[in-house]
Number of protein chains: 2
Amino acid sequence: MVLPELFHDPMSPFCRKVRVVLDELGVSCSLIREDASPQRDEVRTLIPAGEVPVLINDSGSALADSQAIVEYLQDIHREPDLLGKNPAERAETRRLVAWFDGTMYQDVTRMIIEEKIHKWRQRRGKPDSAVLAAARGRLRLHLDDMERLLATRFWLAGERFSLADVAAASQISCIDYVGDMPWSSSQATREWYARIKSRPSFRPILHDRLAGMPPDDHYADPDF
Amino acid sequence: MVLPELFHDPMSPFCRKVRVVLDELGVSCSLIREDASPQRDEVRTLIPAGEVPVLINDSGSALADSQAIVEYLQDIHREPDLLGKNPAERAETRRLVAWFDGTMYQDVTRMIIEEKIHKWRQRRGKPDSAVLAAARGRLRLHLDDMERLLATRFWLAGERFSLADVAAASQISCIDYVGDMPWSSSQATREWYARIKSRPSFRPILHDRLAGMPPDDHYADPDF
């Protein structure tokens, strides 16, 4: 049997989301590490748009876009259910996923990764402190919204762990890697993230390292 | 029986997408026209994030995010099937939806709507021609990708009309309203869009008008 293959960048929140879902669903998969813009010819053929994550399924087809991939995986492997047990629950999960994948990424994670990681990888100079300050300001607004949700919910979409938690933690873990999470002012989110860090599906993510750019000491520690 | 209600902005591609899906699935719905940032108190209570589309379902719950809403509608009304008949087809449909809703919107539609419609609505001066030129340049790249797909497919995701067609046509119809579609250089896309314009689900979209800003003559004409 041929294992599916995932082309991924360890510092892409969308790749992290797919990796966690693969693990939560118990799907074995070969991980192939690529930069966000892969250069190898064999990869470019598989991934014309040049963007990871791309999943090569066991019949050899290439699937792209993190949400299309995780919906596909849930479509095939029905349990455990990460979307919700009825249409209204699934709508709430998908609303939150769109918030984290879309708005939070565009407002916050994209700038922080560009300024702190891509510039460093590509030797394009120092982070722009004005861009980082603006991203951190918008991050506080997003965390305020998360605090409000988590005041009444154990997990983001309700009482059960869901894809909303995976999507949020994928963004937040990238921001936390470079030390930009204001943990002291977000107590409910901090407790939620400690629960996330304790999940076996999240451990491989927390043990990834960029050569030459280690994270803060607290990064992989569930008691932070 | 209480009809569901959709709060929408006629010039939002995401609202257009939900309206077409409601019609394709045969769901009756009250349409309530709002600006993209609604100001009325009763709406603000329902829509804390201030963004449309928001669907109030028949039990009074508010659902947000266009993709969460259309997945919910398909979840409840199974036929006609707009996603695909197996997991691989659904993955391809969702990949394309993410492309149009995500990349094409961020690269093209967002700037064109901001410069030509929001600035005009809010009396914020003339469109920035450099921003528009950059958006039009990126639009050509997206149309090249669509031409390649439509060289071998009758609809974007394959042989059957799908949510990918709805998502693409929702972006393109907004761009076409303000006259920015380069139809002469995109023959396959033009023929595909003529098929879209002929669908009954798309007619109400094409008959929406902004007071004081009519579209070009060809806009609502299937033979353009």
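Hydrogens, waters and symmetry mates play no part in the numbers below; they use all other heavy atoms, side chains included. Just so we're on the same page: letters track the sequence lines, and every chain starts at 1.
The nearest pair of heavy atoms linking A:Ile196 to A:Ala169 is CG2-CB, 3.6 Å. Across A:Ala164 and A:Ala157, no two heavy atoms sit closer than the pair CB-CB, 4.3 Å. Scanning both residues, A:Leu55 and A:Ile69, for their nearest heavy atoms gives N-CD1, 3.9 Å.
With rounding to the nearest 0.5 Å, the separation of SG in A:Cys29 from CG in A:Leu22 is 5.0 Å.
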**Asked** Would B:Leu96 and B:Leu149 satisfy side-chain contact (heavy atoms from CB on, under 4.5 Å), going step by step from the backbone distance to the final call?
**Response** CA-CA 11 Å; B:Leu96 293 169; B:Leu149 270 184; 3.7 Å; yes
Kindly provide each donor-acceptor pair between chain A and chain B shorter than 3.5 Å, listing atom names and distance.
{"from": "A:Asp75", "atom 1": "OD1", "to": "B:Arg90", "atom 2": "NH2", "distance (Å)": "3.3"}
{"from": "A:Asp75", "atom 1": "OD2", "to": "B:Arg90", "atom 2": "NE", "distance (Å)": "2.7"}
{"from": "A:Asp75", "atom 1": "OD2", "to": "B:Arg90", "atom 2": "NH2", "distance (Å)": "3.2"}
{"from": "A:Arg90", "atom 1": "NE", "to": "B:Asp75", "atom 2": "OD2", "distance (Å)": "2.7"}
{"from": "A:Arg90", "atom 1": "NH2", "to": "B:Asp75", "atom 2": "OD1", "distance (Å)": "3.3"}
{"from": "A:Arg90", "atom 1": "NH2", "to": "B:Asp75", "atom 2": "OD2", "distance (Å)": "3.2"}

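Between A:Leu82 and A:Leu25 there is a side-chain heavy-atom pair separated by less than 4.5 Å.
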